[in-house]
Amino acid sequence: MKIIGLVGLGFIGKAHLEAYQNVKNADVVSILTRREVKDEDVLQTFRGSFVHDYDLLLNNPEIDVIDICLPTYLHEEYIVKAAKAGKHIICEKPLTLTIESAERIVREVEKHQVELFVGHVLRFWPEYQVMKEYSQNGKLKDIEMVQAKRLGQVPQWSNWFQYPEKSGGALFDLHIHDIDYLTYLLGEVTSIYAVGSQNSFGAWDHIMTTLQFGNGAKACVEASQRMPLGYPFTMALRAQTRNSALDFLVVAGENIENINESEEQLVYYHQKNKTTIEVKKADAFMKELSYFVCCLENHEENTIVPLEDVLYTLKLLKAIETSLETGEKVRV
């Protein structure tokens, strides 16, 4: 059993808390939040303590793991403090916003010999796991072309998403999901070209990126936080080989809050056959957190989201940012 201290109780913090309720070998005993908790769902189901001082978590000898669900610009500070306190760390994506910050984080976790897990949740999303499986078992071998998109509005639960220095905009909040997953699916990238638009604060809020991979595959990826009000949160990925395709589509209610009420389809096309793939419903956050906790409990290597993959995804995001700013193709 791993004892968890949860930091932050916004949209993602609550998603993590709900997921932990189904992780048998983890128990959240304390939550750091700056506001009085009024959410009835939380108050009725959570039996631990609420604290307003981070040191109360760090100095609690019972707590093994600090789970950080804070705005991105706070990640480094809270990770470093947790590492110095000897706590293992789970941190929501993105890890941070710069390569220099990531390097400082890695030095600290290595120095203090603690584990750091970063939540790239698509790697645990059931339909995306099917895609990965198909790419390995021959049903979708030798992928040639991929199209992916993730479209919505700026999250309404907090205004920090609008500021590039705090969130990185749609590039680091949305685009990161598909960029990370495609490297998991296809391997290393050789070149990137991106175009996009910025909001009034300078954050990239709509991005279209083309990527070329070392194995010859090509991808076109779109992310937006500037869709008009009423446009449903949409995520999709289509992967094609010469003779087959796997097409995933989710259309939710307005913005991602209603994704559990979404319309979803996963369809496999092979030659003249069309097959709808039935995927067992599962909470990707629960699968992710359960995996991280099991790695700690069993002293097993994290092979699904290794830290080097996290750093590589950050490198690609910075390359996309360079392409957006210069209008030029970037070699990776």
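Computed from heavy atoms alone, side chains included, the values below leave out hydrogens, waters and symmetry copies. The first residue of the sequence shown is numbered 1, and numbering continues consecutively from there.
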Practice item. Determine which pairs satisfy salt bridge (Lys or Arg N to Asp or Glu O under 4.0 Å) with at least one residue from residues 25-35, sequence neighbours left out, and list them in order. Key: none
Assess the side chains of [X] and [Y]: does a donor N or O sit below 3.5 Å from an acceptor N or O?
X      : Y      : value
His52  : Thr33  : no
Gln162 : Ser167 : no
Thr241 : Glu144 : no

Review point. Would you say Ile66 and Val29 are hydrophobically clustered, going by side-chain heavy atoms of ILVMFWY under 4.5 Å?
Key: yes
Relative to each other, are the rings of [X] and [Y] parallel, tilted or perpendicular (30° and 60° limits)?
X      : Y      : result
Tyr128 : Trp125 : perpendicular
Tyr268 : Tyr134 : perpendicular
His16  : Phe285 : tilted

Point to revise | Partner set under side chain to side chain contact (heavy atoms under 4.5 Å, CB included) for Thr72, not counting sequence neighbours | key: His75, Pro94, Leu97, Trp160
Residues [X], [Y]: salt bridge by 4.0 Å N-O rule:
X      : Y      : result
Asp247 : Arg238 : no
Lys14  : Asp39  : yes
Glu188 : Lys315 : no
Arg123 : Asp309 : yes
Lys81  : Asp55  : no
Arg104 : Glu76  : yes

Review point. Checking Thr234 side chain against Pro232 main chain: does a donor-acceptor pair fall under 3.5 Å?
Key: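 Answer holds: yes.
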Check your understanding: How close do Ile192 and Ala319 get, heavy atom to heavy atom, and via which atoms?
Key ->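 Minimum heavy-atom separation between Ile192 and Ala319: CD1-CB, 4.0 Å.
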Practice item. Measure the spacing between CG of Asn60 and CD1 of Ile3 and express it to the nearest 0.5 Å. Key: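 If we round to the nearest 0.5 Å, Asn60:CG and Ile3:CD1 are 9.0 Å apart.
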Review point. Taking it one step at a time, do Lys281 and Glu264 satisfy salt bridge (charged side-chain N to carboxylate O under 4.0 Å, His left out)?
Key: CA-CA 11 Å; Lys281 290 285 186 181; Glu264 301 183 12; 3.3 Å; yes
Check your understanding: Does some side-chain heavy atom of Asp173 sit less than 4.5 Å from a side-chain heavy atom of Ile176?
Key ->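 No; the side chains remain at least 4.5 Å from each other.
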Check your understanding: Is any side-chain heavy atom of Asp283 closer than 4.5 Å to a side-chain heavy atom of Phe124?
Key -> no
Point to revise | Set of residues satisfying side chain to side chain donor-acceptor pair (under 3.5 Å) with respect to Glu103, sequence neighbours excluded | key: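 With neighbours one apart ignored, the set is empty.
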Practice item. Kindly determine whether Asp142 and Arg242 satisfy salt bridge (charged side-chain N to carboxylate O under 4.0 Å, His left out), including the steps that lead there. Key: CA-CA 8 Å; Asp142 299 326; Arg242 185 171 296 276; over 6 Å; no
